[in-house]
Protein chains: 2
Amino acid sequence: MSGYAPSEAARRSGFSLDTLRYYEKIGLLSDIGRTSGGRRVFTDDDLSWLLLFRCLRDTGMPIAEMCRYAELARAGEHTAGERQALLERHAERVEEQMRLLRRQYDHLREKIRFYERPTGPE
Amino acid sequence: MSGYAPSEAARRSGFSLDTLRYYEKIGLLSDIGRTSGGRRVFTDDDLSWLLLFRCLRDTGMPIAEMCRYAELARAGEHTAGERQALLERHAERVEEQMRLLRRQYDHLREKIRFYERPTGPE
DNA sequence: CTTCAACCTGGAGCGCACTCCAGGTCAAGC
DNA sequence: GCTTGACCTGGAGTGCGCTCCAGGTTGAAG
């Protein structure tokens, strides 16, 4: 079950080894376990955090904001409302981002269509 | 009709004045007109280029690739096929990007749902 | 016991896309 | 004619998010 080597955690999360170390260094990840020899051991719980971070990064959340979220979570259950609000605000930004992306994608397709028949413009 | 001051071009394209100057400096924009006093004058044609660049940037195309596109366009009509292919490849990347964004958005919404009722996790 | 790939640390370096600055010029309105 | 705000240039600086490096350690396999 739990106990993944760094390379395995990297593989499963899609982050590089360097990025995992970096995330720990800046305090985004904390209390990552170690073997007696000093090597990191990632638990299932660490992994689920990483998958959340992957989601947040992929949707464009800045690292500083993920740090804020992680801090809140560490602070305890009483921050649940604030955490929810943070994710909600982010989700709304993502919606806007999706709308913009779709709109610009349509522009792009329109542009490509100009090349598709008689003779292209420009 | 044609002849926009830099600030107007910035307003219409959504790029900053500095970015417009930067784009000209790196050769993304070329042959931007000038007044006798040395000030830039943007034409409708320049504006439509800017709107294309806005579309490409918003969809994540790196500047180097936009430069390549602009160069091809300057080279003449015989590069139309290559230009089309470039845009087509980009559009496919955008599609992938939209799929990922939607997937991660769904994850995010799912995560938020955990906060919505009994007692949130983490 | 040896080997060797995976891991460790601290810190420097990088790529991208701007953004800002100093010091000067231009031109429309009063 | 003077003021003032928009504009000019070349070049330095910034913020973000990693990524790479040197030099050393660990531990499973043979």
Side-chain angles (χ1 to χ4, degrees), chain A residues 3-43 46-47 49-50 52-70 90 93 97 100 104, chain B residues 3-43 46-47 49-71 90 93 97 100 104:
Chain A
Y4 306 100
S7 58
E8 182 66 11
R11 200 186 60 74
R12 294 201 184 213
S13 66
F15 292 116
S16 74
L17 286 172
D18 269 322
T19 298
L20 293 182
R21 288 194 272 257
Y22 168 69
Y23 282 180
E24 191 179 355
K25 181 149 51 181
I26 63 174
L28 183 54
L29 297 171
S30 64
D31 301 321
I32 299 297
R34 300 294 181 119
T35 66
S36 57
R39 295 175 177 208
R40 289 175 184 79
V41 182
F42 292 84
T43 64
D46 296 330
L47 249 292
W49 271 100
L50 286 176
L52 175 61
F53 293 150
R54 169 58 42 219
C55 166
L56 297 177
R57 287 298 295 131
D58 283 347
T59 52
M61 183 183 282
I63 284 181
E65 201 168 336
M66 303 199 308
C67 285
R68 168 123 188 88
Y69 181 86
H90 180 59
R93 284 197 303 269
Q97 190 187 340
L100 174 63
Q104 296 293 36
Chain B
Y4 306 99
S7 57
E8 182 66 10
R11 200 186 61 72
R12 295 202 183 212
S13 66
F15 291 116
S16 73
L17 286 172
D18 269 321
T19 298
L20 293 181
R21 289 193 271 257
Y22 168 69
Y23 281 180
E24 190 179 356
K25 182 150 49 180
I26 63 173
L28 183 53
L29 296 170
S30 65
D31 301 321
I32 299 297
R34 299 294 182 120
T35 66
S36 57
R39 297 176 174 208
R40 287 174 185 81
V41 181
F42 292 84
T43 65
D46 295 330
L47 249 292
W49 272 100
L50 285 176
L51 293 180
L52 175 61
F53 292 150
R54 167 96 340 245
C55 165
L56 297 177
R57 287 299 295 129
D58 283 348
T59 52
M61 183 183 283
I63 284 183
E65 201 168 333
M66 302 199 309
C67 285
R68 169 119 187 90
Y69 182 86
E71 266 170 45
H90 179 60
R93 284 196 304 269
Q97 191 187 339
L100 174 63
Q104 297 291 38

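Because the structure is a prediction, the values reported are computed rather than measured. The analysis underlying the following values was restricted to heavy atoms, covering all of them including side chains, and did not include hydrogens, waters or symmetry mates. Naming convention: chains lettered A, B, ... in sequence-line order (proteins, then strands); numbering from 1 in each chain.
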Which nucleotide sits closest to the side chain of [X]: [options]?
X: A/Leu17; options: C/dC7, C/dC18, C/dC8; result: C/dC7
X: B/Thr35; options: C/dC21, C/dA27, D/dG17; result: C/dA27
X: A/Ser36; options: D/dG27, C/dC8, D/dG10; result: D/dG27
X: A/Arg39; options: D/dT26, C/dC8, D/dC18; result: D/dT26
X: A/Ser7; options: C/dA6, D/dG10, C/dT9; result: C/dA6
X: A/Pro6; options: C/dC8, C/dT19, C/dA27; result: C/dC8
X: B/Tyr22; options: D/dC18, D/dG10, C/dA17; result: C/dA17
X: A/Ser16; options: D/dT19, C/dC21, D/dG17; result: D/dT19
X: A/Arg40; options: C/dT19, C/dC7, C/dT9; result: C/dT9

What is the distance, to the nearest angstrom, from the [atom1] atom on [X] to the [atom2] atom on [N]?
X: B/Met61; N: C/dC16; atom1: CE; atom2: P; answer: 15 Å
X: A/Arg54; N: D/dC18; atom1: CZ; atom2: C1'; answer: 12 Å
X: B/Ile63; N: C/dT19; atom1: CD1; atom2: P; answer: 10 Å
X: B/Arg21; N: D/dG10; atom1: CZ; atom2: P; answer: 12 Å
X: A/Ile26; N: D/dG15; atom1: CD1; atom2: P; answer: 16 Å
X: A/Leu28; N: D/dC16; atom1: CG; atom2: C1'; answer: 14 Å
X: B/Glu24; N: C/dC18; atom1: CD; atom2: P; answer: 16 Å
X: A/Met66; N: D/dC18; atom1: CE; atom2: C1'; answer: 12 Å

Given DNA chain D, 5'-ward residue of the pair B/Gly38 and A/Asp18, judged by closest heavy atom = B/Gly38
key: 5′-ward residue of the pair A/Pro62/A/Gly37 relative to DNA chain D   = A/Pro62
note = So CD1 of B/Ile32 and OG1 of B/Thr43: to nearest 0.5 Å the spacing works out to 6.5 Å
note = Between B/Ala10 and B/Leu20 the two heavy atoms that sit nearest each other are N-CD1, 3.7 Å
remark   = Note: A/Cys67 and A/Ile26 closest approach over all heavy atoms is SG-CD1, 4.3 Å
Does a side-chain N or O from [X] land closer than 4.0 Å to OP1 or OP2 of [N], or not?
X: A/Arg34; N: C/dT9; value: yes
X: A/Arg11; N: C/dA6; value: no
X: A/Thr19; N: D/dT19; value: yes
X: A/Tyr23; N: D/dG17; value: no

key: Salt-bridge contact B/Arg11-B/Glu8 (side-chain N to carboxylate O under 4.0 Å)   = yes
inquiry  = For C/dA17, does the base pair up with any side-chain atom of B/Arg57 as donor and acceptor (N or O, under 3.5 Å, distance only)?
reply    = no
key: A/Arg54 (side chain) donor-acceptor with A/Gly14 (main chain) under 3.5 angstrom   = yes
key: Check: A/Pro6 main-chain N/O paired with A/Arg40 side-chain donor or acceptor under 3.5 Å   = no
message = Any base atoms under 4.0 Å from A/Phe15, or only sugar-phosphate, or nothing? Heavy atoms, all strands.
response = nothing
